[in-house]
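As a basis for the values below, the full set of heavy atoms in this structure was taken, side chains included, without hydrogen atoms, waters or symmetry mates. Because the structure is predicted, anything quoted here is derived from the model rather than measured.
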Amino acid sequence: MADSAGRPPEEEHRGRRRPGTIAPQTHWEWHARFPETAQLLGGWFSQDIVDEFPGHDAAVADHTGTTNPQMVARLVGELHELLALPLDEGDYALAAAELGMEVSPPEPFSHGAWFQSLAATLSGVRSG
């Protein structure tokens, strides 16, 4: 529903959007807004992943097995927040890089599709 000036509800006065509806613009903003996602991507998805894990799923399982369940729940919330932003696939790739991911998502996933699958997996919901 638009306000009396015809602005969508996500926009505030003077044409600015609410902070939760726009993507971070700097490396610091990405890390401040998505700290648990940065922990996972930067800590488990460096270029060393091939030496440490047989694949992405094993890295995610290691993270989940060594991380406090409350932090995993926060990670799931952050992934849902990231997916709720108005981003295209290039933006998801940028987000992954800014948050520390140094490798591509597993085949056949794009970055956005992998974030969706990851959120579902970490939520205990199988993606189909």
Side-chain angles (χ1 to χ4, degrees):
M1 173 179 243
D3 67 8
S4 61
R7 290 185 298 254
E10 70 271 3
E11 292 188 21
E12 290 184 351
H13 300 291
R14 297 183 204 107
R16 289 189 234 153
R17 291 181 179 253
R18 292 184 197 148
T21 63
I22 59 173
Q25 300 299 305
T26 67
H27 178 78
W28 180 89
E29 289 174 355
W30 282 105
H31 281 258
R33 187 151 167 203
F34 301 105
E36 295 307 318
T37 306
Q39 179 68 25
L40 170 65
L41 297 182
W44 275 261
F45 291 95
S46 69
Q47 292 184 12
D48 295 334
I49 187 176
V50 296
D51 297 328
E52 298 179 32
F53 303 104
H56 290 65
D57 290 342
V60 171
D62 183 73
H63 173 270
T64 304
T66 59
T67 302
N68 180 299
Q70 292 175 331
M71 296 296 106
V72 175
R74 286 184 186 173
L75 170 60
V76 170
E78 288 179 13
L79 288 168
H80 285 290
E81 182 181 347
L82 177 64
L83 291 164
L85 292 172
L87 302 177
D88 63 24
E89 190 52 41
D91 296 326
Y92 286 126
L94 174 66
E98 289 289 350
L99 293 168
M101 189 170 184
E102 297 177 347
V103 296
S104 297
E107 292 291 333
F109 294 107
S110 65
H111 286 90
W114 186 62
F115 287 149
Q116 289 175 335
S117 175
L118 185 58
T121 297
L122 294 174
S123 296
V125 177
R126 292 186 180 214
S127 60

> Can you measure from CE (M101) to CZ (F115) and round to the nearest 0.5 angstrom?
6.5 Å
> Decide yes or no for L99 and E78: does some side-chain heavy atom of the first lie under 4.5 Å from some side-chain heavy atom of the second?
no
> Under 4.5 Å between any side-chain heavy atoms of D57 and T121, yes or no?
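A side-chain contact is absent here, since even the closest heavy-atom pair is not under 4.5 Å.
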> Just verifying a value: how many Å separate H56 NE2 and I49 CD1, rounded to the nearest 0.5 Å?
4.5 Å
> Just verifying a value: how many Å separate L40 CG and L79 CG, rounded to the nearest 0.5 Å?
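Rounded to the nearest 0.5 Å, the CG-CG separation comes out at 7.5 Å.
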> Report yes if some heavy atom in the side chain of W30 is under 4.5 Å from a heavy atom in the side chain of L82; otherwise report no.
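Sidechains of L82 and W30: in contact.
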> Partners of A113 by side chain to side chain contact (heavy atoms under 4.5 Å, CB included), sequence neighbours excluded?
F109, S110
> Step by step, would you call R33 with E81 a side chain to side chain contact (heavy atoms under 4.5 Å, CB included)?
CA-CA 10 Å; R33 187 151 167 203; E81 182 181 347; 2.7 Å; yes
> Can you find a heavy atom in the side chain of L75 that is under 4.5 Å from one in the side chain of T37?
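Yes, close enough: below the 4.5 Å cut-off.
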> If I take atom CG from residue D91 and atom CG from residue D88, how far apart are they, to the nearest 0.5 angstrom?
4.0 Å
> For R74, is there any backbone N or O sitting under 3.5 Å from a side-chain donor or acceptor partner on E36?
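No.
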> Once you round to the nearest 0.5 Å, how far does CD of E98 lie from CD of E29?
10.0 Å
> Between atom NE2 of H63 and atom CG of L41, what is the distance when rounded to the nearest 0.5 Å?
9.0 Å
> Are the side chains of W44 and F53 in contact, using a 4.5 Å heavy-atom criterion?
yes
